[in-house]
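Single-structure report; data block below.
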Amino acid sequence: MKNSLLTFVLLIASITGARTQAVLPESERAAVVDELLERRLDSLLPELMEQSGIDMWVLISREYNEDPVLKTFLPATWLSARRRTILLFYRDPESGDMDRLAVARYNIGKSIQSAWDKEQQPDQWLRLMELIRERDPETIGLNFSEDHNIADGLDKTDYDAFMEYLPRKYRDRVVSAEDLAVGWIETRIPEEMPIYAHLVRITHNIIAEAFSDAVITPGRTTTSEVEWWMRQRVTDLGLDTWFHPTVDIQRSASELRGHLYSFSDRPEQQVIQPGDLLHCDFGINYLRLNTDCQQLAYVLRPGETQAPEFLEKALADGNRVQDILTGNMQARRTGNEILARSLKAGRDEGLRPAIYTHPLGTYGHSAGTTIGMWDAQEGVSGADGTKHVLHKNTAYAIELNTTVTLPEWGRDIRVMLEEPGFYGSDGFVYPDGRQTRLHLIGAHRPELGN
């Protein structure tokens, strides 16, 4: 891809208007994906290999059973591995020179060169062993991990075959590539971030349209209809969702349900009525990046021109929990440490927070620093919460809620919010901002008397 195309894409991302959905055609998307991959291979991979202390990284997958990390090394025109695909990355610890090889019949993209001639060496595994002996690495990283599912993509059959073929002298040099794999998945390069901001804006725009008079007619439209409208809107734009959208209702005549209510226990086809507080959970996939958003809307009653002050105040409480959390996101802190500090600070201010923030980017529920889970507010066990620390140049879904008592409704409500965020050298930012005011439905409906 020419640099001018990437410049054009970044320009689109920076100047797109609030209601514009600028989505590239497939051929240009592929060019952007491949260019970003080349830049990550050139600038990021050597740095991560040096940091991890792994000289050689071997990734192995068979067609339709791809390692989640290996998939991210495939060019845009490869929709899956082919037969058995083996990638070998080697960094010379003295010179820093990199080999990017494929033990496959053909090159994989521009920068991963085929290193197997089947006519000269019919056995793919033996060719891999030749490449290993030629480089004599001190460490060989494989993708197995107890704590990070995304870094655990090597299947047992391929692991057993690899270890059987591997010369005995190298077997004690095999280590988990967990830190390297997680680093590759979680780290964002500068060229990705304007595109990511554009992706978040598209997500915000779809939510704003869904939570509007264009889609919702109070007393008639159901929550399921809004969910399917969002799903269809994504399809019409030529994009993908990575999970089915959800829309749920809190209202004065109902009681607060458990956390799972918003995701699996709510009734279908619930009719949206004036006075309802709506909540959605929605995320899309574009250019191999993902978003994850939860926002709120209020359905105006006849005569109302704005949401009740007590509901806007409840949203402000949710924003305050966001501020507390992101203020505690500091490099080298573990997810559990960030969680504990944030929950304590929120409770000290009289809030009732719950925090379950997860890495976001290459995957929706991605690899990296996990800051709580909705059912683990005491902390997350294993490397997710206690070992893997917060690194710079990483993205997160700032996902949380706070419970608020509403005397006006005679009940508690749960303010559930989620926004994509980025933690970099200058601290934390929301690439396309965050919700600080409720979406209003019925704001321009003369028949409602407003």
Side-chain angles (χ1 to χ4, degrees), residues 5-36 76 188-216 225-247 278-297 322 358-366 394-399 417-422 429-441:
L5 178 56
L6 182 55
T7 301
F8 173 70
V9 173
L10 299 183
L11 181 63
I12 288 177
S14 65
I15 67 174
T16 298
R19 291 292 179 179
T20 302
Q21 313 287 7
V23 176
L24 293 171
E26 290 287 355
S27 62
E28 293 183 18
R29 290 190 219 182
V32 172
V33 165
D34 288 346
E35 175 66 16
L36 290 175
R188 307 270 63 83
I189 61 174
E191 293 89 343
E192 289 176 305
M193 292 317 298
I195 294 175
Y196 196 56
H198 179 53
L199 175 60
V200 179
R201 175 163 295 184
I202 293 173
T203 307
H204 284 164
N205 290 347
I206 294 173
I207 292 174
E209 192 174 359
F211 280 165
S212 76
D213 299 341
V215 175
I216 295 175
E225 287 172 335
V226 180
E227 292 168 356
W228 282 109
W229 180 91
M230 297 173 85
R231 184 79 175 267
Q232 187 64 50
R233 184 74 173 112
V234 173
T235 299
D236 292 345
L237 286 170
L239 303 175
D240 294 312
T241 55
W242 65 274
F243 65 94
H244 184 70
T246 61
V247 175
L278 304 183
H279 161 262
C280 72
D281 192 358
F282 174 64
I284 64 175
N285 174 280
Y286 180 44
L287 297 173
R288 293 191 177 177
L289 294 170
N290 294 270
T291 63
D292 200 354
C293 291
Q294 294 181 48
Q295 294 194 349
L296 301 169
Q322 290 175 324
H358 59 83
L360 181 68
T362 308
Y363 290 95
H365 291 154
S366 201
T394 50
Y396 301 88
I398 303 301
E399 185 177 10
L417 299 173
E418 187 171 17
E419 292 288 357
F422 174 73
V429 297
Y430 293 102
D432 188 52
R434 61 171 175 172
Q435 182 180 26
T436 58
R437 297 295 301 272
L438 295 169
H439 295 283
L440 296 180
I441 299 165

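Listed by chain and number, the residues in a side-chain contact (heavy atoms from CB on, under 4.5 Å) with T362 are T72, I185, R188 (sequence neighbours excluded). Residues forming a side-chain hydrogen bond (donor to acceptor under 3.5 Å, both in side chains) with S366 (at least two apart in sequence, or on another chain): none. Checked against side-chain hydrogen bond (donor to acceptor under 3.5 Å, both in side chains), N285 has the following partners two or more places apart in sequence or in another chain: N290. In this structure, F243 has no ring-ring contact (aromatic ring centres under 6.0 Å, His included) partners at least two apart in sequence or on a different chain. Scanning for side-chain contact (heavy atoms from CB on, under 4.5 Å) contacts around A297 gives F211, L278, H439, I441, with sequence neighbours left out. Under the rule for a salt bridge (charged side-chain N to carboxylate O under 4.0 Å, His left out), R231 has no partner lying at least two apart in sequence or in another chain. When the side-chain hydrogen bond (donor to acceptor under 3.5 Å, both in side chains) test is applied to Q232, the partners found at least two apart in sequence or on another chain are D236. Partners of T436 according to the side-chain contact (heavy atoms from CB on, under 4.5 Å) rule, which considers only residues two or more places apart in sequence or in another chain, are N319, R434. In terms of the salt bridge (charged side-chain N to carboxylate O under 4.0 Å, His left out) criterion, R288 has no residue partners (sequence neighbours excluded).
Without hydrogens or angle criteria, E209 side chain to A214 main chain gives no donor-acceptor distance under 3.5 Å.
Side-chain contact, E419 with H204: a donor N or O sits under 3.5 Å from an acceptor N or O.
Contact record, L360 with Y196: CD2-OH, 3.0 Å, taken as the closest heavy-atom pair.
In summary, of the residues considered (T291, I206, D432), a side chain to side chain contact (heavy atoms under 4.5 Å, CB included) with R201 occurs for D432 alone.
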